[in-house]
Structures are given as C-alpha cells and as structure tokens.
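Take a look at the structure below.
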Amino acid sequence: MHMNETQLIPMLSDIELDEINAEIAHAPYPQAVAIDALKIVQAHRGWISDESLNAIARHLNMSPAELDGIATFYNLIFRRPVGERVILLCNSVTCWIKGYEQLQQQISERLGVSLGETTKDNQYTFLPVTCLGACDKAPVMMVGDDLYENITSETVTQIFRTQQEIDA
Amino acid sequence: MSLDKPLTRNVREDRIPTDFSAYITNGGYQALQQTIGKYTPADCLQIIKDSNLRGRGGAGFPTGMKWSFVPMENVSPGHKYLICNADEMEPGTFKDRLIMECDPHQLIEGMILSAYTIQADVAYIFIRSEYLLAQKLLKQAIADCYEKGYLGKNIQGSDYSLDMYVHVSAGRYICGEETALINSLEGKRANPRAKPPFPQVSGLWGRPTIVNNVETLCNISHIIERGADWFKSLSLTDDSGTKLYGVSGRVKNPGCWELPMGTPIREIIMGYAGGMEDGYQLRGFLPGGGSTDFLTEEHLDLAMDYETIGKAGSRMGTGTMIILDDKTCPVGFIKNLVDFFAQESCGFCTPCRDGLPWSGQVLEDIEQGRGTNEDIATLERQAKFIGAIGNTHCALAPGAMEPLISGLKYFREDFEQYVGGSHDSSNDSNQPNASTTGGLS
Ligand SMILES: Cc1cc2nc3c(=O)[nH]c(=O)nc-3n(C[C@H](O)[C@H](O)[C@H](O)COP(=O)(O)O)c2cc1C
Ligand code: SF4
Ligand code: FES
C-alpha cells in the first residue's frame, strides 16, 4: 500500500525553485547550496517545516536527516513556526551592560511571552541574538528587518503597543 | 578626501552610502585600471609583502605571506578562490559593518585586486545574515561592476576574468573561523577543519583558497595605488597602516574611528570616545573584542598595535574595545562572554563543548552566592586546560578563556567577595532592580 509520495512532500513553488536553481547554477553540485536553499524557502514560508525540509532535500538529492543536521546547526534557520516578525534582542556583552536584562523583562511583560515564544496573535516571536555589530548604539534589537538602536523603555512602549493602547 | 584615512575617506558624516558614481568621482577604480593587465600578479604580491599589512580579522597574520602560499605555477586545472570574511560576530565588534554600509565599492575593488594577485577566478563575500543593508549595497556594487566590465570575463580587455557572489550566512559565530567558513560555504555544518592542509593549498572544494577580513581587503587597493612606503608612513609604530578602532560601553561617545596604527589607548578611550560617562569609572577593558584578555588603567598609555598589546599580555584582536565600568560586575561580564562562547561552540571537541558550559555554570553559582573557594580553583584549572592552544581543535575555546583568565587576575577580589558572601550588587547599574540611575538612561 504505497501512498503517492508527492502527497506527503509538498512541491517547492516555482519562485522557490527558480531561486534555488540560480544558486545551483554556480555551485559544483546541488548539495552545496543546502544553506541557501533553506534560507530561500524560509524567506517564503517563515520557517522550515518537516514537509519543507523533505522537499528541499529531495530537490538537492540528499537525505532529509543530513539536511536537518545542517538546518539545526544554524541559529537563524527556524525549525519551528515563528510569528509574523521575529524580535532579535541582543544579549551580548555591551548590550548587557547597557540594560539588556531590563529590556528583556519589559518586552516579555508587554507581549506576554518569554524568550523563545510566539505571541498568541502570532505577531511576534521573541528571541535573543548575539552581538549585532552595533555596540556603539547599544542596547539594540531587530524587529523583522528593522534595526533599533539606543533603545530605551520608551522605545519598547512605542514599538510594542498593547491591545488596550491600540483600542484607546 | 584625505590620504591619511584611506579606509574611511568615503564614509560620510550622515552615513549615506557612497554609490558607484560618487566612488568614481573620488578616484575609485583607478587602482584597478592601473593594475589589471598592466602589473603582474607577482608585482602586486611584492607590494603587499613590502607593506607589512597584517590581517585585520583578529590574528594579525601578515597578508603578503599568507598569499604567497597560494600555488601560482603548474596549478592543476580548476578554480582558485578568494573569500571575504564578513561574518563579524565577535562580541563588541562593529567595524566591518561601517565600511560595508558606507563604502561598499571600496571592498569590491580591494577584492578584485586581491583576487587578481592570487589569480583567483571566483570570489565570495561571506556575510552575516543580520547585515541586511550591507548585503543589498554589496549586491548592487557587484552588479555595477559587471556592467562596467570590472567583473566578469576579460576585465578591462585583459585575459583576467573574475566572478563574485554574496553568500548570506545562516548565523553561527564559528562560521567566522576560516576553515569552518569554508565548510559552511560548501553547504555543510560549520565545523573547523584540521590543518594542514592549509586553505591556501586546499580550501573551498579542495582548491586553493584565501580568506581575508573585510578591513584587510579594503586596504589592498590603496596600497597598490600608493605603494608600501606610503602605507608604512601612515602608522605611528612598526605595524603599518591605519586601523579602525572602536569603543563601546559606558563612555560618552561610543563609536568607530580610523586612526594611525599604534594610536595610544588613552587617546582613543578618553579622546575620541569622550572618556567615561558621568558617574562611571574605568575598571578595565577588552582591547579587541570578546575573546581578548582584560587590560586596565595602567595600560592606557600603550600603543594600540599587535606587538605592544601582545607584549602586555592581551591581543589587539579586532581593535574594538569593550569597557568595563565600576558599576558593572566583572563576574557577570565574564559570564556573559563565557555563555556566548558556550552557546556558539560547534561541539566538535570535548574541552570546548563540555568545558565552556561547565565554566558558565560555575560562574553562575558564584554569582548566585552558591560559590566556594573550590569553585574559583575549578575555574582556574579549567581556564588553563581549555585555554591552552593545542588542547582544542580551533581557537574558539582558548579565545573564550582569555577574559576569564585575565579577569581572575585583575578582578579577583570580586570573585572572592561573592564567595565570601560580602558582594554588594545594589550598585550594579544594569540589573533590573538597579538602585543607581544608570541602566536605561
Ligand atoms: C571562532 C573564530 C571566529 C572568527 N570570526 C571572524 C570573523 O567574524 N571575521 C573575521 O574576519 N575573522 C574571524 N576569525 C578569524 C579568521 O579565522 C581568519 O583568521 C581571518 O578571517 C583571516 O583574515 P585576515 O588574515 O584578513 O585577518 C575568527 C576566528 C575564530 C577562531
Ligand atoms: S574549540 Fe570549540 S568551536 Fe573549535 S572545533 Fe572545538 S568545539 Fe568546535
Ligand atoms: S553587544 Fe549588542 S550589538 Fe554588540
């Protein structure tokens, strides 16, 4: 009783395939673009589900287990779903000196999530990140693609409005 | 446009990036036009050797010597590679970002001339994921160069051809180690490789490969255009050129400045960085990123160069200093760094994979008031064992121990106060319940 394999492994979209194949075009063999492919698919889907992983592995002609070993090595490949935007709060040394712990508590309280969690409305996933290379502007964080520098508790209140505040 | 600050001459006050036409107006791509097809690669290599340029990625290895190991004659058919290390994940380091965001073409021109010197036909920029603006600008700069014939087939009508690509990392500090970077570029887990063979002979896909830091590569076009003697004359000491120095922490004016190599530390911290913030005193500093040994007030008059800082028992590293002030706990500071290195360990060898989390745990115990004198002794033992070059497969673990070893030396009384139950943390400005006015001001 064989199930149709394509049912279990959803296809990569045409755009995803085009982007991955453009990388393969200048690589010596398909597996060499494993990380690029994971990033491409993550850019379109937000995270790498088992199904996505299988589809990429198949396209690159490698085993899903090997690809998973690569995916889980890197901090910014998400093997669990994340919210619309990922908050990356720098927890390295200069930001820590300049108030990381206070900011972390404040953001957690406002959004009702601990580090590693996603808000109920799926807006944000809150993660720590290592030094963002902006230590002269510490403390810093990224929200989605935006970098916020010299953040204060006011910055946090402005960026993360509570539902009550939005309604008011 | 000043000649004494070649790396930042196109860095504008308002940080608006210098685009292709502005770069050309300021004399950009002249070095390339004067060199490719006109000077031999051997000529270029000689200039770089004579200049005494040392790698700006942290180790300070002489660039000309590194390049001279690349086979140039009777090379087996296939590619040679140049890789720009733009991973910049060392805590406290923010210099490569500045150049890439403000003057991307400077890096591309430096890379083309470097690739020409070693006769590489493919070049990669390995850049960390979070540097989104730099990625965009570099991709645009590469596209500009293909259009103008500075990249691609037969550059300037010569028989030299070069392709260049941007590879965006998926995030892991160990990717900055050059052989781990090569594995990552091959699509693998970023475990460092055993050396030998050295990448110069067998690197990316088994082919000759040179990995250099962004700042190193940015120097190349200036040296080739103006000569080795000019480059040496920029410096105040025996290590040549200028250096991007940075200061972060509780100083009045944190930032990054291009200054003559060998500028006294006092001038950088007390002058350019404006001295300590009001209400804070200097206790110590890491001279060049999170994996360098502490120095203290007594070292302020030393020249910031590889030789001098090395002799003082630390390393110049990336040249970006992190300040420890009197309202920040040294034990917490060190613990933050050890935790970082423990998290970023690639897991390949035991002292690093298991030793670093253990050190982090002992530091946590001490900080939480559960520590004993035996714990301090344990830290000292671990620091010696993990910190010894040769006990681990790469330099991550020894680097991780540098702030700990030197911290135990300079700030021992803090460790002992914790253990003796007399530590007072109410003065620490970065704790959520801080009683001082510091914190988020
Ligand atoms: C754990 C570790 C991380 C490193 N990270 C970086 C980095 O982010 N950027 C960099 O240029 N060099 C980094 N290096 C140094 C590189 O291995 C390599 O020496 C450097 O890129 C060579 O360039 P250079 O000779 O131009 O300095 C790192 C080394 C180690 C051991
Ligand atoms: S020292 Fe650490 S990072 Fe380096 S190879 Fe060993 S485990 Fe990996
Ligand atoms: S320590 Fe936070 S940006 Fe460098």
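Keep in mind that what you see is a predicted model, and the values were worked out from it rather than measured. Here is the naming used below: chain letters follow the sequence lines, and residue numbers restart at 1 for every chain.
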| message | Using heavy-atom distances under 4.5 Å, tell me whether A:N150 contacts chain B through its side chain, its backbone, both, or neither. | response | neither
| Portion of B:F340 that has a non-hydrogen atom of chain A nearer than 4.5 angstrom | side chain
| task | Below 4.5 Å from any heavy atom of chain A, which atoms of B:E90 appear? Answer side chain, backbone, both or neither. | result | backbone
| query | Under a 4.5 Å heavy-atom cutoff, which of A:Q31, A:E154, A:K39 has the most pairs with chain B? | reply | A:K39
| Pairing of A:R45 and A:E16 as salt bridge, 4.0 angstrom limit | yes
| Part of B:I323 lying under 4.5 Å from any heavy atom of chain A | backbone
| query | Between B:K335 and B:E364, does a salt bridge (charged side-chain N to carboxylate O under 4.0 Å, His left out) hold up when you go through it step by step? | reply | CA-CA 7 Å; B:K335 180 177 169 297; B:E364 164 105 22; 3.3 Å; yes
| In terms of heavy-atom proximity below 4.5 Å to chain A, should B:D325 be classed as side chain, backbone, both, or neither? | side chain
| said: Using heavy-atom distances under 4.5 Å, tell me whether B:R97 contacts chain A through its side chain, its backbone, both, or neither. | reply: side chain
| message | Is the distance between the ring centroids of B:Y272 and B:Y245 under 6.0 Å? | response | no
| request: Name the region of A:L38, side chain, backbone, both or neither, that has any atom closer than 4.5 Å to a heavy atom of chain B. | output: neither
| said: At a 4.5 Å cut-off on heavy atoms, which part of B:T328 comes close to chain A: side chain, backbone, both, or neither? | reply: side chain
| Heavy-atom distance under 4.5 Å to chain A: side chain of B:Y165, backbone, both or neither? | side chain
| task | Give a yes or no on whether a salt bridge exists between B:R172 and B:E344, defined as a side-chain N under 4.0 angstrom from a carboxylate O. | result | yes
| task | Measure the spacing between CD of A:E84 and OG1 of A:T118 and express it to the nearest 0.5 Å. | result | 11.0 Å
| request: Sort B:L286 into side chain, backbone, both or neither according to what part of it lies under 4.5 angstrom from a heavy atom of chain A. | output: neither
| field | For chain B, the option from A:T130, A:L67, A:T94, A:V93 that forms the most heavy-atom pairs under 4.5 Å | value | A:V93
| remark: The single option from B:K327, B:K252, B:R250 that satisfies salt bridge (Lys or Arg N to Asp or Glu O under 4.0 Å) with B:E277 is B:R250
| query | Which region of B:V122, side chain (C-beta onward) or backbone (N, CA, C, O), has a non-hydrogen atom less than 4.5 Å from a non-hydrogen atom of chain A, or is it both or neither? | reply | neither
| note | Bottom line for B:S184: the part with an atom under 4.5 Å from chain A's heavy atoms is both
| message | I'd like to know whether the aromatic ring centres of B:F411 and B:F294 sit less than 6.0 Å apart in this structure. | response | yes
| task | With a 4.5 Å cut-off on heavy-atom pairs, point out which of A:T72, A:V33, A:D136, A:L60 contacts chain B the most. | result | A:D136
| request: Count the heavy atoms of every other residue, nucleotide or ligand shown that sit under 6.0 Å from OH of A:Y148, and state whether that count exceeds 12. | output: yes
| chain A heavy atoms under 4.5 Å from B:C346: which part of the residue, side chain, backbone, both or neither? | both
| query | What orientation do B:Y173 and B:F341 show, parallel under 30°, tilted 30 to 60°, or perpendicular over 60°? | reply | perpendicular
| said: Under a 4.0 Å threshold between the charged nitrogen and the carboxylate oxygen, would A:R79 count as salt-bridged to A:D50? | reply: yes
| A:Q42 (side chain) donor-acceptor with A:F78 (main chain) under 3.5 angstrom | yes
| query | Do B:H167 and B:Y124 have their ring centres less than 6.0 Å from each other? | reply | no
| Contact class of B:A273 relative to chain A, heavy atoms under 4.5 angstrom | neither
| chain B contacts, top residue of A:A138, A:P28, A:A34 (heavy-atom pairs, under 4.5 Å) | A:P28
| message | Under a 4.5 Å cutoff for heavy-atom pairs, which residue among B:C256, B:A190, B:S169 has the most contacts with chain A? | response | B:A190
| remark: Most contact-rich option vs chain A, by heavy-atom pairs under 4.5 angstrom, among B:S129, B:P91, B:G171, is B:G171
